[in-house]
Amino acid sequence: MKMSLIRPLLTRRGFSTSSEKLVASVLFERLPVVIPKIDPIVYAFHEFSFQWRQQYQRRYPDEFLDRSDARGKGDYQIDYVPAPRITEADKNNDLRSLQRALDRRLYLLLFGNAYGAPDGKPVWYFPEKVYESEETMRKKFFFKSQVIAKNKFDIGKCEKFVWVTKDELMEYFPEQAEFFNKMIIS
């Protein structure tokens with residue numbers, strides 16, 4: 001088969017056959033820190049299920065199940081204070097803080113000169129690394145990476161950056177909304 005017939009097929013599918021550069025973008029993700037609020041319908045279902053089980057469960061004597069020795073002895077009290085869902089970063093709309101939207105996933109965006117930006121103008125983009133071309137590699141690909149146990153994340157040379165939720169991400173990239181909806185699970 002002639003190379004002239006193969007080349008259009010390869011480039012149409014996103015494969016590079018020339019000396020173009022390879023761009024790897026990282027989707028830095030901060031997982032939720034607190035459990036998201038339960039939907040009222042789901043909460044009502046759990047309440048109903050619990051009450052149903054309580055009403056119709058079989059009761060066995062303690063001697064039969066030997067539960068009398070398994071119960072805790074003593075009087076214990078645990079003081080539990082849940083973490084606030086709304087933080088100072090939420091109140092101040094501080095998009096540079098990881099301490100915001102604690103019940104949602106956050107994604108890192110940088111502002112500056114990205115590879116392939118139109119007219120060399122600064123744009124919002126995911127952190128990326130440019131490599132020399134490989135014959136069988138795609139031109140641009142994303143991979144996910146999670147930020148774990150950090151209050152601050154060292155961005156380095158970038159002066160302007162934001163941590164955004166999936167909904168906010170769609171505001172930065174409205175033309176790629178369909179792609180990000182498929183790629184990112186919220």
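- Residue F48 belongs to a hydrophobic cluster whose other members are W52, Y56, with links defined by side-chain heavy atoms closer than 4.5 Å.
- Interatomic distance, K166 NZ to E29 CD, rounded to the nearest 0.5 Å: 11.0 Å.
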Check your understanding: Where do T165 and L106 land on the side-chain contact (heavy atoms from CB on, under 4.5 Å) test, with the steps shown first?
Key -> CA-CA 5 Å; T165 63; L106 294 180; 3.7 Å; yes
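- Within the structure, salt bridge (Lys or Arg N to Asp or Glu O under 4.0 Å) contacts touching residues 34-57 (residues at least two apart or in different chains) do not occur.
- Across all non-hydrogen atoms, the minimal contact from R30 to L102 is NH2-CA, 3.8 Å.
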Practice item. Give the intermediate values and the outcome of side-chain contact (heavy atoms from CB on, under 4.5 Å) for residues W163 and V147. Key: CA-CA 11 Å; W163 287 95; V147 178; 3.7 Å; yes
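- Judged as a salt bridge (charged side-chain N to carboxylate O under 4.0 Å, His left out), and not counting sequence neighbours, the contacts of E168 are R100.
- Partners of D167 according to the side-chain hydrogen bond (donor to acceptor under 3.5 Å, both in side chains) rule, which considers only residues two or more places apart in sequence or in another chain, are R104.
- Annotation: side-chain contact (heavy atoms from CB on, under 4.5 Å) contacts of P36 (sequence neighbours excluded): D103.
- Residues V33 and L95 do not share a hydrophobic cluster, clusters being chains of Ile/Leu/Val/Met/Phe/Trp/Tyr side chains in contact below 4.5 Å.
- The only member of W124, Y125, F28 that meets side chain to side chain contact (heavy atoms under 4.5 Å, CB included) when paired with L110 is Y125.
- Residues satisfying the side-chain contact (heavy atoms from CB on, under 4.5 Å) criterion with F180, sequence neighbours excluded, are F126, L169, M170, F173, Q176, M183, I184.
- Other residues, nucleotides and ligands contribute only 12 or fewer heavy atoms inside 6.0 Å of the CD1 atom of I41.
- The salt bridge (charged side-chain N to carboxylate O under 4.0 Å, His left out) check on K182 picks up E178, with sequence neighbours excluded.
- For the side-chain hydrogen bond (donor to acceptor under 3.5 Å, both in side chains) test, no residue two or more places apart in sequence or in another chain qualifies with Q55.
- Hydrophobic cluster membership of I38, counting Ile, Leu, Val, Met, Phe, Trp and Tyr whose side-chain heavy atoms lie under 4.5 Å apart directly or via other members: V42, Y43.
- K129 is not listed as a side-chain neighbour of V26, based on a closest heavy-atom distance of 4.5 Å or more.
- When hydrophobic clusters are built by joining Ile, Leu, Val, Met, Phe, Trp and Tyr residues whose side-chain heavy atoms come closer than 4.5 Å, directly or via intermediates, L98 is not grouped with V34.
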Donor-acceptor contacts under 3.5 Å from residues 82-89 side chains, at least two apart:
| unit_1 | atom_1 | unit_2 | atom_2 | d |
| --- | --- | --- | --- | --- |
| R85 | NH1 | I35 | O | 2.7 |
| R85 | NH2 | I35 | O | 2.7 |
| T87 | OG1 | A89 | N | 3.4 |
| T87 | OG1 | D90 | N | 3.4 |
| T87 | OG1 | D90 | OD2 | 3.3 |
| T87 | OG1 | Q99 | O | 2.4 |

